[in-house]
Student: 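The structure that follows is given in the form of structure tokens.
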There are 2 protein chains.
Amino acid sequence: MMNASLTPVAILIADDHQLVIDGIKSMLATEKQYIIAGEAINGQAAFDMISANPNRFQLLITDISMSHLTGIELCKMVKTRFPEIKVLILSMYNSVTVVKEALAAEADGYILKSTGKDEFLIALHRINDGGTYFSQDILPIIYNQYQKEKQQQDQLTILSPREKEILALIVKEHTSEEIGAKLFISKKTVDNHRQNILEKTQCKTTVGLVKFAIRNGLE
Amino acid sequence: MMNASLTPVAILIADDHQLVIDGIKSMLATEKQYIIAGEAINGQAAFDMISANPNRFQLLITDISMSHLTGIELCKMVKTRFPEIKVLILSMYNSVTVVKEALAAEADGYILKSTGKDEFLIALHRINDGGTYFSQDILPIIYNQYQKEKQQQDQLTILSPREKEILALIVKEHTSEEIGAKLFISKKTVDNHRQNILEKTQCKTTVGLVKFAIRNGLE
DNA sequence: TGATCAATAGGTATATATACCCACTCATTC
DNA sequence: GAATGAGTGGGTATATATACCTATTGATCA
């Protein structure tokens, strides 16, 4: 709550749709704690403006799909060179990969353009207080990924306990000989287990086994 | 917005701390669209109440740590047998694993007990409208995971484009001979690339390469 | 203009994995 | 009591990967 009623927060908006810029401006018109200190029509222009005077902006609101430099790229560059500047990413829709990219680009927030004024302001407040704000619609997406992982995890049950044990050691980069020594059994026995595991998992090579194991959370 | 001022939403609260139950009740006292239709002191009791009369409740608010049956288990059981009942999970703190479990258990929401009335009501409204609500403090946790992945992803840059290409084919379970045929180069060249990749990635076997590739998002 | 590196290709080994075959013991199950 | 499956061990192949070595071409760079 550092910026309660002291110096207003200087915002730079980057979007190649003037309509969106105007919309944000009108939303913030009545909010005296925020000031639109600059507008950019694409990512490169935004970065140039920041580079020219890094202390001029405290917050960057950027569209995700822009010509020249996408919002993700812009975010990465800003966070790398001017980490003190907060970044809020605007997107038209939620897709798993885009959200992941936004997270990886160290964005402080991610909201949809369809977001209403109330939520938009909440996002701004949180980010400005050093927090983050991500659209609520994101979680169900990530949730679906965990669901898939969960489903595949049941495939491990087709392997016997001993086979799972051996598979785990294979993934740890041990050879059949090493595994045999570790389990006090013959290398031949390990080889036979490997053969059975290959059949059960319908894999053809060790590479397939490793992928199977990792998919099913055996690490 | 189906339940605006029509039938109030019947809520079942499951928590082994009477204080929490009372706190929620007082929060909802002035909200006429919600009615506390039942209270349970542990997970099993809650499930029994729902089983006895499934149509009695539309929403379950449950603590995550309860004796007999945890909130996660309760959520799973409810979602399996009575999928039309919404579930909001309450927790004392955010941990990666717990949040993951909540997501996997198909919870409609997850908030901290420290959540204020405003956010609590927003969560209820969203869930009631068929949406989800997850505490904002969750994303930074997941975000950190992607950060770790990201850090490792930079390791891919130590490989040349050709090496990355070959590594990708290795992970697709191709042999050196097959890769050579596919890229119109000699098997020996592929072998040399493999050797270089092993050195650069500090791996000793193909298994290590596969793990390296998957860690770095090369699938 | 040397130096460096990626990409190419070959030689010669050994190490490891894969594909079949076989047999025995033990516990469970029908 | 016969059948089944897991776990054990062996034989005999071939296929594949790994560890070294050398060498040429082309591009980039200080």
Side-chain angles (χ1 to χ4, degrees), chain A residues 73 77 80 152-219, chain B residues 151-219:
Chain A
E73 290 299 328
M77 289 167 64
T80 303
Q152 288 172 323
Q153 221 157 24
D154 295 337
Q155 291 192 320
L156 268 184
T157 58
I158 64 176
L159 298 182
S160 73
R162 195 58 155 176
E163 286 167 348
K164 273 186 263 189
E165 195 176 3
I166 286 170
L167 178 56
L169 289 171
I170 290 172
V171 177
K172 282 182 184 163
E173 291 181 66
H174 294 296
T175 67
S176 292
E177 202 164 4
E178 290 168 349
I179 295 172
K182 196 168 289 251
L183 301 182
F184 302 107
I185 56 178
S186 160
K187 170 194 174 297
K188 282 305 299 179
T189 305
V190 178
D191 278 335
N192 287 333
H193 281 306
R194 290 184 84 125
Q195 197 71 26
N196 294 332
I197 297 171
L198 284 174
E199 280 174 20
K200 283 189 178 178
T201 58
Q202 292 180 312
C203 293
K204 288 176 182 174
T205 65
T206 303
V207 172
L209 291 185
V210 175
K211 294 202 294 183
F212 173 88
I214 291 179
R215 268 206 315 272
N216 298 5
L218 205 84
E219 279 202 66
Chain B
Q151 283 174 356
Q152 289 169 323
Q153 218 158 27
D154 294 338
Q155 292 189 319
L156 269 184
T157 58
I158 64 177
L159 298 181
S160 72
R162 195 57 155 177
E163 286 167 346
K164 275 186 263 189
E165 195 177 3
I166 286 171
L167 178 55
L169 290 170
I170 290 172
V171 177
K172 282 181 185 165
E173 292 180 65
H174 295 296
T175 66
S176 292
E177 202 164 4
E178 290 169 350
I179 295 171
K182 197 167 286 251
L183 299 182
F184 303 107
I185 57 177
S186 161
K187 170 193 175 297
K188 280 307 298 181
T189 305
V190 178
D191 279 335
N192 288 332
H193 281 305
R194 291 183 83 125
Q195 198 73 24
N196 295 332
I197 297 171
L198 284 174
E199 278 173 23
K200 283 189 178 179
T201 59
Q202 292 180 312
C203 292
K204 287 175 183 175
T205 66
T206 302
V207 172
L209 290 186
V210 175
K211 294 203 293 183
F212 174 89
I214 291 179
R215 269 205 315 272
N216 298 3
L218 205 84
E219 278 201 67

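A, B, ... follow the sequence lines: proteins, then strands. Residue 1 opens every chain.
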Student: In whole angstroms, how far is the P atom of dG7(D) from the CD1 atom of Ile179(A)?
Tutor: 14 Å
Student: Counting the atoms with a prime plus P, OP1 and OP2 as sugar-phosphate, which does Lys164(A) contact under 4.0 Å by heavy atoms, base, sugar-phosphate, or nothing?
Tutor: nothing
Student: Measuring to OP1 and OP2 of dA19(D), would you say a side-chain N or O of Gln195(B) lies under 4.0 angstrom away?
Tutor: yes
Student: Report yes or no: is there a donor-acceptor pair, N or O only, under 3.5 Å between the side chain of Asn192(B) and the base of dA9(C)?
Tutor: yes
Student: Would one find a side-chain N or O of Thr189(B) under 4.0 angstrom from OP1 or OP2 of dA7(C)?
Tutor: no
Student: Can you work out whether Lys187(B) or Lys188(A) has the more 5'-proximal nearest nucleotide on DNA chain C?
Tutor: Lys187(B)
Student: Output, in order, the C-alpha distance, side-chain angles, deciding distance and verdict of side-chain contact (heavy atoms from CB on, under 4.5 Å) for Leu167(A) and Phe212(A).
Tutor: CA-CA 10 Å; Leu167(A) 178 56; Phe212(A) 173 88; 4.0 Å; yes
Student: Could you tell me how far apart Glu165(A) (CD) and dT8(D) (P) are, to the nearest whole angstrom?
Tutor: 8 Å
Student: Can you tell me how far P of dC21(D) sits from CG of Asp191(B), to the nearest Å?
Tutor: 16 Å
Student: Output the single nucleotide from dA7(C), dT16(C), dA9(C) whose closest atom is nearest the side chain of Ser186(B).
Tutor: dA9(C)
Student: What is the distance, to the nearest angstrom, from the CG atom on Leu183(B) to the P atom on dA6(C)?
Tutor: 17 Å
Student: Could you check Leu183(A), Thr189(A), Asn196(A) and say which one makes a side-chain contact (heavy atoms from CB on, under 4.5 Å) with Ile166(A)?
Tutor: Leu183(A)
Student: Please determine whether a side-chain nitrogen or oxygen atom of Arg162(A) lies at a distance below 4.0 Å from atom OP1 or OP2 of dT8(D).
Tutor: yes
Student: Grab the CD1-C1' distance between Ile197(B) and dA19(D) for me, whole Å please.
Tutor: 16 Å
Student: Side chains of Arg194(B) and Thr206(B), heavy atoms from C-beta outward: is any pair under 4.5 Å?
Tutor: yes
Student: Between Lys204(A) (NZ) and dA17(D) (C1'), how many Å, whole number?
Tutor: 19 Å
Student: Rounded to whole angstroms, how far apart are CD on Glu178(B) and P on dT18(C)?
Tutor: 13 Å
Student: Below 4.5 Å, heavy atoms only, C-beta onward: do Thr205(A) and Thr175(B) meet side chain to side chain?
Tutor: no
Student: How many whole angstroms separate atom CD of Glu199(B) from atom P of dA19(D)?
Tutor: 8 Å
Student: Hey, is CD on Gln202(A) packed in by over 12 heavy atoms from elsewhere, all under 6.0 Å?
Tutor: no
Student: Taking the minimum atom-to-atom distance to the side chain of Leu198(B), which one of dA17(D), dT8(C), dT18(D) wins?
Tutor: dT18(D)
Student: To the side chain of Arg194(A), which of dA7(C), dT8(C), dA17(C) is closest?
Tutor: dA17(C)
Student: Quick one: which of dA17(C), dA6(C), dG7(D) gets closest to the side chain of Ser160(B)?
Tutor: dA6(C)
Student: If the cut-off is 4.0 Å, is His193(B) near the phosphate of dA6(C), judged by side-chain N/O to OP1 or OP2?
Tutor: no
